[in-house]
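The structure appears right after this line, and notes come after that.
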Amino acid sequence: MPLDRRTTLTQFLIEQRRRYPSASGDFNALILDVALACKAIARSVALGALGGVLGAQAGSINVQGEEQKKLDVLSNDLFVRATEWGGHLAGMASEEMDEPYNIPSMYPRGKYLLVFDPLDGSSNIDVNVSVGSIFSVLRAPQAVIDSGRDVTAQDFLQPGCQQLAAGYALYGPSTMLVLTVGTGVHGFTLDPNLGEFFLSHPDIRVPEDTQEFAINASNSRFWEPPIRRYVDECLAGKTGPRGKDFNMRWIASMVAEAHRILMRGGVFMYPRDTKDPTKPGRLRLLYEANPVGFLMEQAGGRASTGREPILQVQPTSLHQRIGLVFGSRNEVERIERYHREPAPLKDDSPLFGERTLFRD
């Protein structure tokens with residue numbers, strides 16, 4: 001029994017493993033290695049300017065063409081070092097690495113693949129806004145397990161429905177690890193004195209209905225008609241077709257957005273748009289959209305491209321981008337219906353009318 005009668009992350013994982021008597025324990029050990037990486041990142045984030053890790057990494061651009069922050073590079077290295085040695089992984093992939101990372105020959109190889117965004121929302125670091133880490137665990141293809149060969153990008157191209165676990169760490173006023181292993185969603189809060197994650201939010205459920213939505217309104221001129229219609233109706237408030245007022249939120253950190261929605265409901269939209277025809281979306285499928293989608297579905301919510309469930313999308317490349325809508329089930333399903341049956345915008349739209357703040 002824990003000192004304060006709360007369940008630790010280790011105990012929780014052991015209790016889950018007892019459902020499968022033949023399980024080796026490798027899966028639990030991998031999740032605990034990930035948790036260790038998140039603790040180390042939390043410490044670096046908390047030190048802020050005192051740790052000398054704020055600002056851009058000089059001359060460093062990642063595969064996405066984005067300038068890397070010092071904490072991006074540090075967080076990626078912490079994930080790699082915490083998980084490469086244990087013999088649980090066949091390989092890993094990250095937003096900050098162009099190609100898959102193969103386990104060094106000095107370490108044994110295992111049967112799992114780890115994909116992660118080591119520091120989501122890092123553009124917020126310099127202004128002290130909550131950021132986080134996102135991760136997903138897949139089973140390596142049997143051919144990789146049997147042969148022990150190096151992994152390739154193709155080995156990671158598995159639809160989200162094949163995830164074994166997914167989660168995120170949120171580095172805010174408190175550090176939380178939110179996790180699913182396919183049996184619901186559970187939140188663990190880090191006790192900084194003991195250095196241990198304790199179960200604080202068991203069986204998280206997303207309310208089916210909401211009066212909050214999150215979207216980057218600066219992209220409104222690039223939105224497709226179904227998204228325009230949805231946002232327009234929300235902003236029309238009680239006198240509009242929805243008959244109720246909505247609040248709009250936007251943090252620019254998807255982990256923080258996902259956490260708010262898990263805690264109290266809402267809908268998040270980073271949809272496909274026409275801003276850059278070469279990029280069918282902004283978010284990365286394998287290590288952002290899929291893990292968040294798995295969490296939402298396990299918590300009773302829904303995650304979608306707007307056209308199909310996100311967990312059914314077959315990936316085509318390691319760093320594939322995609323549009324994403326997730327959150328309260330009834331709102332996401334409404335957005336999906338608008339994509340199937342788009343309606344023309346009215347001329348008196350509060351968002352796109354002549355007097356709107358967001359006028360083209």
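The structure presented is a predicted model; accordingly, all values stated were derived computationally and were not measured.
Side-chain contact between Ile227 and Ile335 is present, with at least one heavy-atom pair separated by less than 4.5 Å. Inter-residue side-chain proximity for Phe116 and Val34 is flagged as unmet; no heavy-atom pair is nearer than 4.5 Å. Side-chain contact between Cys38 and Tyr171 is present, with heavy atoms from C-beta onward closer than 4.5 Å. With a 4.5 Å cut-off on side-chain heavy atoms, Asn219 and Tyr270 count as touching. When side chains are defined from C-beta on, Leu179 counts as touching Phe135, because their heavy atoms get closer than 4.5 Å. By the 4.5 Å heavy-atom criterion applied to side chains, Phe246 and Leu235 are not counted as neighbours. Ile41 is not listed as a side-chain neighbour of Leu74, based on a closest heavy-atom distance of 4.5 Å or more. Annotation: side chain of Tyr230 is in contact with side chain of Met269 (closest heavy-atom distance under 4.5 Å).
Between Ala35 and Leu9, the shortest heavy-atom contact is CB-CD2, 3.7 Å. Pairing each heavy atom of Arg109 with each of Gly148, the nearest pair is NH1-O, 3.2 Å. Residues Gly327 and Val332 approach most closely at N-CG2, 3.6 Å, considering heavy atoms. Considering every non-hydrogen atom in both Met176 and Gly187, the closest pair reads CE-CA, 4.0 Å. For the residue pair Thr10 and Leu32, the shortest heavy atom distance occurs at OG1-CD2, 3.6 Å. Minimum heavy-atom separation, Glu257 to Ala214: OE1-CB, 3.4 Å.
Aromatic ring orientation, Trp250 versus Phe268: parallel (interplanar angle below 30°, classes split at 30° and 60°).
Remark: Glu99 CD is loosely packed, at most 12 non-hydrogen atoms of other residues, nucleotides or ligands lying under 6.0 Å away. Atom CD of Glu333 has more than 12 heavy atoms from other residues, nucleotides or ligands within 6.0 Å.
Residues Val206 and Val267 do not share a hydrophobic cluster, clusters being chains of Ile/Leu/Val/Met/Phe/Trp/Tyr side chains in contact below 4.5 Å. Tracing side-chain contacts under 4.5 Å through hydrophobic residues (I, L, V, M, F, W, Y), one reaches Leu114 starting from Met97; they form part of the same cluster. Placement of Leu295 and Val137 in two distinct hydrophobic clusters is found when ILVMFWY residues are connected by side-chain heavy-atom separations under 4.5 Å, directly or transitively. Hydrophobic cluster membership is shared by Leu311 and Ile134, with clusters built from Ile, Leu, Val, Met, Phe, Trp and Tyr side chains linked at under 4.5 angstrom. Taking hydrophobic clusters as Ile, Leu, Val, Met, Phe, Trp and Tyr residues chained together by side-chain heavy-atom distances below 4.5 Å, Phe188 does not share a cluster with Val292.
Counting only distance, with no hydrogens or angles, the side chain of Asp120 and the backbone of Met254 share a donor-acceptor pair below 3.5 Å. Here the side chain of Lys39 pairs a donor or acceptor atom with the backbone of Gly195 at under 3.5 angstrom. In this structure a side-chain-to-backbone donor-acceptor pair under 3.5 Å is present from His319 to Asp98. Between the side chain of Arg329 and the backbone N or O of Gly301 there is at least one donor-acceptor pair closer than 3.5 Å. Proximity of a side-chain donor or acceptor of Ser136 to a complementary backbone N or O of Pro291 within less than 3.5 Å is not detected. With hydrogens and angles disregarded, a donor-acceptor distance shorter than 3.5 Å links the side chain of Gln163 to the backbone of Asn290. The backbone N or O of Gly91 lies less than 3.5 Å from no partner atom in the side chain of Asn102, so there is not a single donor-acceptor pair. When atom types are taken as modelled, the side chain of His201 and the backbone of His186 share no donor-acceptor pair closer than 3.5 angstrom.
Using modelled atom types, one finds no donor on one side chain facing an acceptor on the other under 3.5 Å when comparing Ser328 with Asn330. A side-chain donor-acceptor contact under 3.5 Å links Glu336 and Ser304. Side-chain N/O atoms of Thr316 and Gln320 include a donor and acceptor closer than 3.5 Å.
Rounding to the nearest 0.5 Å places OG1 of Thr8 at 10.5 Å from CG of Leu194. One finds the OG atom of Ser220 at 10.5 Å from the CG atom of Asp273 (value rounded to the nearest 0.5 Å). For the atom pair CG of Asp33 and CG of Leu89, the computed distance is 8.0 Å after rounding to the nearest 0.5 Å. Between the CD1 atom of Ile145 and the CZ atom of Arg139 there is a distance of 6.0 Å, given to the nearest 0.5 Å. Rounded to the nearest 0.5 angstrom, Gln298 CD and Thr180 OG1 are separated by 4.0 Å. With values rounded to the nearest 0.5 angstrom, Lys279 atom NZ is found 15.5 Å from Ile322 atom CD1.
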Legend entry - Full working for side chain to side chain contact (heavy atoms under 4.5 Å, CB included) between Ile215 and Met248: CA-CA 8 Å; Ile215 194 166; Met248 185 168 70; 4.1 Å; yes
Legend entry - Test side chain to side chain contact (heavy atoms under 4.5 Å, CB included) applied to Glu84 and Tyr101, step by step: CA-CA 9 Å; Glu84 67 178 350; Tyr101 181 86; 2.5 Å; yes
Inset, instruction - Mind running side chain to side chain contact (heavy atoms under 4.5 Å, CB included) on Ile204 and Met263 for me, showing each step along the way? - result: CA-CA 7 Å; Ile204 297 170; Met263 292 296 105; 3.6 Å; yes
Legend entry - side chain to side chain contact (heavy atoms under 4.5 Å, CB included) between Val115 and Leu318, intermediate numbers included: CA-CA 10 Å; Val115 295; Leu318 193 63; 5.7 Å; no
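The residues Arg249 and Glu212 are annotated as salt-bridged, a charged nitrogen and a carboxylate oxygen being separated by less than 4.0 angstrom. Between Glu288 and Arg282, no side-chain nitrogen of the basic residue sits less than 4.0 Å from a carboxylate oxygen of the acidic one, so the salt-bridge criterion is not met. The pair Arg18-Glu15 does not meet the salt-bridge criterion, since no charged nitrogen lies less than 4.0 angstrom from a carboxylate oxygen. Salt-bridge formation is not detected for the pair Arg302/Glu208: no Lys NZ or Arg NE/NH1/NH2 atom is positioned less than 4.0 Å from an Asp or Glu carboxylate oxygen. Arg149 has a carboxylate O that lies under 4.0 Å from a charged side-chain N of Asp155, or vice versa, which qualifies the two as a salt bridge.
For the salt bridge (Lys or Arg N to Asp or Glu O under 4.0 Å) test with Glu224, the passing option among Lys275, Arg229, Arg272 is Arg272; the others fail. When each of Ser133, Ser253, Ser130 is paired with Leu170, the side-chain contact (heavy atoms from CB on, under 4.5 Å) condition holds for Ser130 and for no other.
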